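The residues of the chain are indexed from 1 along the displayed sequence. The structure displayed is predicted, hence computed values, not measured ones. In listed order, ligands and their atoms are each counted from 1.
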Amino acid sequence: MSHILIIGAGGVSQAATVKCAMNSQVFTKITLASRTKSKCDKIAKFIKDKVGVDIDTAAIDADDTAAVVELIKNIKADLLLNVALPYQDLTLMDACSQTKIPYIDTANYEHPDTAKFEYKLQWAKDGDFKSANTMALLGSGFDPGVTNVYCAYAKQYLFDEIEYIDILDCNAGDHGYAFATNFNPEINLREVSAKGRYYKDGKWIETEPMEIGFSWDYPKIGPKDSYLLYHEELESLVKNIPTLKQIRFFMTFGQSYLTHMKCLENVGMLRIDEVEHNGVKIVPIQFLKTLLPDPASLGARTKGKTNIGCVITGIKDNKPRKVYIYNVCDHQECYQETGVGAVSYTTGVPAMIGSMMVAKGIWSAKGVFNMEEFDAKPFMDELNKQGLPWEIIEMAPNETRLIKEI
Ligand code: NDP
């Protein structure tokens, strides 16, 4: 019996809210609040038509902690799911610790003026959540999120010791545009145009953007060019799996995407500082977001599949072991079910499952936590029930699906 307050009304929110409504025995009441209330109302109508469940909607400025505190108290919410933007993580965490309700998000805090993410400021709120006798669950999307749970499952159930992890994120969907980003363009382009980084033998190694890449043979998709990026789950997994010798993250990009991004970067369109244009101050990357297709609109036209997974190498019973755990999602099937494509779906469904783990008290603790700090099994079981089934390939220790370096 939980009343969930969901903040944000983009593509990820739509998937998460639809899935909460489909689990109305857990989420007995749903309030969807965002900056633009009409977007919440549109999602509410979709849910009424598709699932037959009524949800409440509200307008909220998530940057205003006092306003969020008031909303939580007025509607008597039991937990808060943040699927707005990473900029709102800290204010929403404060609103939750002040009202003593659990907080769940899908993305690491970023300051709007600095294209850099790290857990430091969110982990620093551990004491606030402990004092409030409640918890914050960080990064309950797919990556971070399910990828952390795959690693936790491997650590808890498949290996005695984990040594190497490669996280591989492939979106083989085709939306037919020359250039579009598959989630919030500002957040996406800040992440992708940044320097790469990975962890090896106790040190973080920095790379130029897209410096390391290979063609990887993704199960049920085939070979795709994949490039090393820094990604937020690396920070918490290094902390929580201390036996790790190396962990890296790779994402697929087509040549058209990379060429457009380089060109936009070269002409200054990815700048995150203010510039003056005809007497008006604008931030180029925010202006670019206005011009690009709304990621939520890509669902209807995107065809193809995603495959996100982890290749994990380590020791079991004194012998080397290597497994590949992954999920394959079809854009059109996601769209038929929730009205959004696979990128929003693969983030929104785990956001709902994380909220379910907390609402049902299956994951229960006091303080601030990452996904891999809890028993992975109940989450893995729900993934199979809620539309993100996973598979495991047992690989020979020296077997690889790497086709060629690029
Ligand atoms: P969108 O930009 O489509 O949606 C964001 C929503 O948040 C919009 O409805 C927006 O309002 C709302 N919002 C923004 N600022 C405020 C504010 N100050 N107060 C209230 N509402 C606000 O993003 P996505 O749905 O694509 O992504 C949502 C989140 O999911 C992001 O944090 C993203 O980083 C994360 N993500 C995580 C992934 C993972 O696997 N872990 C993968 C993909 C995304 P408005 O409509 O008015 O603009």
Return the residue, atom name and 0.1 Å-rounded distance of the protein heavy atom closest to atom 41 (N) of ligand 1. T106 O, 2.8 Å

Would you say the ring centroid of Y326 lies under 6.0 angstrom from that of Y218? no

Going by an N to O cut-off under 4.0 Å, is there a salt bridge joining E382 and K377? no

Which of the atoms in ligand 1, numbered in the order shown and given with their element, are less than 4.0 Å from a heavy-atom of V83? 28 (C)

Would you name the heavy atoms of Y150 and G309 that are closest together and state the gap between them? CE1-CA, 4.1 Å

Purely on distance, is any nitrogen or oxygen of G11 under 3.5 Å from one on ligand 1? yes

Any side-chain heavy atom of F179 within less than 4.5 Å of one from S256? no

Looking only at protein heavy atoms, which one is nearest to atom 19 (N) of ligand 1, and what is the separation? A62 N, 2.8 Å

Are any of the side-chain nitrogens in K125 or D94 under 4.0 Å away from the carboxylate oxygens of its partner? yes

Nearest protein heavy atom to atom 27 (O) of ligand 1, by residue and atom, and its distance? V12 CG2, 3.5 Å

Output field: ring centroids F250/F214 closer than 6.0 Å: yes

Pairs of nitrogen or oxygen atoms closer than 3.5 Å, one from F142 and one from ligand 1: do any exist? yes

I want to confirm something. Looking only at heavy atoms, which of Q14, E232, E110, R35 is nearest to atom 48 (O) of ligand 1? R35

